[in-house]
A.B. asks: 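I have a structure I would like to understand better, so I am pasting it below and will then ask my questions one at a time.
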There are 2 protein chains.
Amino acid sequence: MTKPKEVTIYDLARKLNVSIATVSRALKDDPVVSKKTKKKIFDLAEEMGYRYNHFARNLREQRTYTIGVIVPRLNSYFMSTVIAGIESVANNEGYTLIISQSSEKADKEMASAKTMFNNRVDGMLVSLAYDTEDIAHFDQFIKKNIPLIFFDRVADHPDCTNVLIDNRKGAYEATCHLIAQGCQRIVHITATPKRNVYVDRLAGYKQALADHQIPFDDKYILINNLSQEAGAQAAATILQMNPLPDAIFAANDNCAVGCMIALKKAGLRIPQDIAFAGFNNDPVSTVIEPNLTTINYPGYKMGEMAATSLINHLNGVNSIDSTNTILLRSELIIRASSLRTKSDSE
Amino acid sequence: MTKPKEVTIYDLARKLNVSIATVSRALKDDPVVSKKTKKKIFDLAEEMGYRYNHFARNLREQRTYTIGVIVPRLNSYFMSTVIAGIESVANNEGYTLIISQSSEKADKEMASAKTMFNNRVDGMLVSLAYDTEDIAHFDQFIKKNIPLIFFDRVADHPDCTNVLIDNRKGAYEATCHLIAQGCQRIVHITATPKRNVYVDRLAGYKQALADHQIPFDDKYILINNLSQEAGAQAAATILQMNPLPDAIFAANDNCAVGCMIALKKAGLRIPQDIAFAGFNNDPVSTVIEPNLTTINYPGYKMGEMAATSLINHLNGVNSIDSTNTILLRSELIIRASSLRTKSDSE
DNA sequence: AGCATCAATGTAACCGATTACATTGTTTTT
DNA sequence: AAAAACAATGTAATCGGTTACATTGATGCT
């Protein structure tokens, strides 16, 4: 019933008549220990079911080989893909992940940050919640020289690296594409301007309008939480507009899909009446009819890059702050939801 | 550049001229310490920026307050929902999660199990990979009396609790529903019979046929990995069948959706030509047209239950092995993809 | 042979908490 | 007033590793 006693280096040392220092060195494959002794020790360790005690090491080394990850939510295709990327790198390098989701709430984010701080993570990977206003809850890490990397939903901080895509460019391309399809009254559905991704996408949208001499109109900007339901509600707003917009560019695919479904139900034809573009290349974008034009977004790679950069930092490989921003490539994927060029024939 | 020295209970003790024992006790709010002393200590701890060192405690207590979680993949709606449930409970109870994905591979699962074992998790929550054959890699936990709970993709083990739904019943209901809609040649797309969920769903399907005097036919069982692409490939197989089946019951929604898209492209009408049912109530089931009939599956709750049960175990609340299986309720959600009754009018 | 060099191993302090047991001073009991 | 009971605090061993420094014995060099 009670846990069997753990085997320690003391046990191994005693049995082999060597010192614990030798055992400790052998187990880390220190070249200073002779091959013969190492073999003896490895074999006995195996035989006795020895397992390494991280806590003793951590206590001594003041490191934990643990990385804290805070994301807005786990159950989004994009985020879980990023985490898969992080995990593969971290695992390879012998790091363990502590993952927490903020559920888009600043206070949960703060609580998670505190937990991770108290768990003495060696480094942090963070993507910010919707309603996080200031990032003071991350100062504790900076102060203790614990590296902090933001990805996707980033914050400007002189001591932190950011890994993200060029959201402005992505949005610019999507909007230009809609304009090239003959659209002039383009609604942009986006989320809180607290987050860079939405600010930048809006900026790209505006830039595209400006470059094509289309006046910017405030009323074409709808702000919500980008959920599928929010997309449906946005559809109701859009249906009130007169004249109706001829295109909708949503800041994520989920919201675009919710909106499309509602508009289709209202009898509008896509793309003939309203063209659509989203963002993320979420799997639903190829399920919805017509398939959704979107920006492909390298989630797995983003996770890999963020984790690699952090671990390099921890190993002192990076000249510190050599990189402050890592930009990944994104691409416009054109699908039927925005293709109006052949509609001439109608 | 170097990390500032950490404040320890020794520092607090020295400053206040008390012993470390008193500080230690005060910090855990031990009633044996006087209120006055406690206040002094709390205040100083706050002032000096003291933070608790888990590793020292873990080393001493031989516990880690850490729970290991292994799932097949993180980026599925269902799994990430389960994890959200686990996370909420664990967080509340002061436990930290170490999460790893097996990517449906037995060897990755084994490696993750080893990592977690070496990280001395207090307990494990596991959902098995597709190709895991035997679960010997979990014996190390059992041997050390580390509680192990399987959820969703479970294994029969006398020492482990399982948390899951009644897959057989769910599949039975879905199949009965299809039969009630007049379907007779029902294809079942499922995955490896190594996993209980697929075995049980198949059994439910067979039972439903038997109860309605429909002969079971091997060729109506298609086995793949249930991805969306696999669904599309299954569609090709189905189109070769003569006569065509009149219904398809897929063991998950993703696969059903892939199959539906391909069959629609081939000109079949759903549900008139072929009715469809899936499993999971994934968000795509309400995006695909027609919306997909499916089994709703309480992921969040499953996560909560599994975590609660594990933590109770750890706290010695449960009479050990009092429960060996926890079954959660699931329900059939009928949507347009299977509704053929009004199609009389056609 | 005598000394320096080096490879292999050992000794012991240290990391920061927990806690059984000991000690002190104060209050209650008889 | 002495003894018993108790509240508050202290002492010191312990958890299992890491590593600076010390020691030992063998080899190389002149």
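Heavy atoms only: backbone and side chains are in, while hydrogens, waters and symmetry mates are out. Chain A is the first sequence line, chain B the second, and so forth, proteins listed ahead of strands; every chain is numbered from 1.
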A.B. asks: Can you tell which of D:dG17, C:dT9, D:dG10 lies closest to the side chain of A:Ile9?
C.D. replies: D:dG17
A.B. asks: So does A:Thr132 get a backbone contact from the side chain of A:Arg195, meaning a donor-acceptor N/O pair under 3.5 Å?
C.D. replies: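 Side chain of A:Arg195 to backbone of A:Thr132, a donor-acceptor pair under 3.5 Å: yes, one is there.
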A.B. asks: With a 4.0 Å cutoff (strictly under), does any side-chain N or O of B:Ser19 reach OP1 or OP2 of D:dT9?
C.D. replies: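 No.
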A.B. asks: For A:Thr325 and A:Asn162, does a side-chain donor sit closer than 3.5 Å to a side-chain acceptor?
C.D. replies: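 Judged by distance alone, the side chains do not pair up.
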A.B. asks: Can any side-chain N or O of B:Arg120 pair as donor or acceptor with the backbone N or O of A:Tyr52 at less than 3.5 Å?
C.D. replies: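 Judged by distance alone, yes, a pair lies under 3.5 Å.
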A.B. asks: What's the NZ-C1' distance between B:Lys28 and C:dT18, to the nearest Å?
C.D. replies: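 Between C1' of C:dT18 and NZ of B:Lys28: 6 Å.
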A.B. asks: Just call it for B:Leu27: base, sugar-phosphate, or nothing, with non-hydrogen atoms closer than 4.0 Å on any strand.
C.D. replies: nothing
A.B. asks: For C:dA8 and A:Ser34 - does any side-chain N or O of the residue sit under 4.0 Å from the phosphate oxygens OP1/OP2?
C.D. replies: no
A.B. asks: Using atom CZ of A:Phe55 as one end and atom P of D:dG17 as the other, report the distance to the nearest whole Å.
C.D. replies: 12 Å
A.B. asks: List in chain and number order the residues that pass salt bridge (Lys or Arg N to Asp or Glu O under 4.0 Å) with B:Lys108, two or more places apart in sequence or in another chain; answer none if no residue qualifies.
C.D. replies: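 Expected list: A:Glu87.
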A.B. asks: Does the D:dT14 base have a donor-acceptor partner in the side chain of B:Arg60 within less than 3.5 Å?
C.D. replies: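 Side chain to base: pair found, below 3.5 Å.
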A.B. asks: Taking only N and O in the side chain of B:Thr8, is any of them less than 4.0 Å away from OP1 or OP2 of C:dG16?
C.D. replies: no
A.B. asks: Once you round it to whole Å, what is the distance between P of D:dT14 and CD1 of B:Ile20?
C.D. replies: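 Rounding to the nearest Å, CD1 of B:Ile20 and P of D:dT14 are 15 Å apart.
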A.B. asks: Identify each atom pair where a protein N or O and an N or O of nucleotides 20-26 of chain C are less than 3.5 Å apart, giving names and distance.
C.D. replies:
{"residue": "C:dA20", "atom": "N6", "partner": "B:Arg25", "partner atom": "NH2", "Å": "3.0"}

A.B. asks: Classify the nucleic acid contact of A:Ser24 as base, sugar-phosphate or nothing, counting any heavy atom under 4.0 Å across all strands shown.
C.D. replies: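 Answer is base: heavy atoms of A:Ser24 come under 4.0 Å of a base.
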A.B. asks: Okay, side chain of A:Asn119, backbone of A:Val121: is any donor-acceptor separation there less than 3.5 Å?
C.D. replies: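 Absent.
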A.B. asks: Can you find a side-chain donor-acceptor pair between B:Thr22 and B:Ser19 that sits under 3.5 Å?
C.D. replies: yes
A.B. asks: For A:Tyr10, answer base if it contacts any base atom (sugar-phosphate contacts may also be present), sugar-phosphate if it contacts only those atoms, and nothing otherwise; contact means non-hydrogen atoms under 4.0 Å.
C.D. replies: base
A.B. asks: With a 3.5 Å distance limit and no angle check, can you tell me whether B:Lys144 reaches the backbone of A:Glu6 through a side-chain donor-acceptor pair?
C.D. replies: no
A.B. asks: Map B:Glu61 and B:Thr22 onto DNA chain D by nearest heavy atom, then report which one ends up closer to the 5' terminus.
C.D. replies: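 It is B:Thr22 whose nearest nucleotide is closer to the 5' end.
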A.B. asks: A:Lys35 has an atom NZ; how far is it from atom C1' of C:dA8, in whole Å?
C.D. replies: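 Result: 13 Å.
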A.B. asks: Between C1' on D:dC15 and CG on A:Leu59, what's the gap in Å once rounded to a whole number?
C.D. replies: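 Result: 9 Å.
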A.B. asks: Without swapping roles, check the side chain of B:Gln101 against the backbone of B:Leu74 for a donor-acceptor pair under 3.5 Å.
C.D. replies: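 Here the side-chain-to-backbone pair exists.
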A.B. asks: Looking for any heavy atom pair under 4.0 Å, which part of the strands does A:Arg120 touch: base, sugar-phosphate only, or nothing?
C.D. replies: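 Result for A:Arg120 = nothing.
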A.B. asks: Let me know the distance between CZ of B:Arg57 and P of D:dG16, rounded to the nearest Å.
C.D. replies: 16 Å
A.B. asks: Rounding to an integer number of Å, can you tell me how far A:Arg14 CZ sits from C:dG10 C1'?
C.D. replies: 16 Å
A.B. asks: Without decimals, in angstroms, what is the distance between B:Ile41 CD1 and C:dA17 C1'?
C.D. replies: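 B:Ile41 atom CD1 is separated from C:dA17 atom C1' by 14 Å.
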A.B. asks: Remember a base hit wins even if backbone is also touched, and classify B:Asn17 as base, sugar-phosphate or nothing at under 4.0 Å, heavy atoms.
C.D. replies: sugar-phosphate
A.B. asks: OP1 or OP2 of C:dC14 less than 4.0 angstrom from a side-chain nitrogen or oxygen of A:Gln62, does that happen here?
C.D. replies: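 Result: no.
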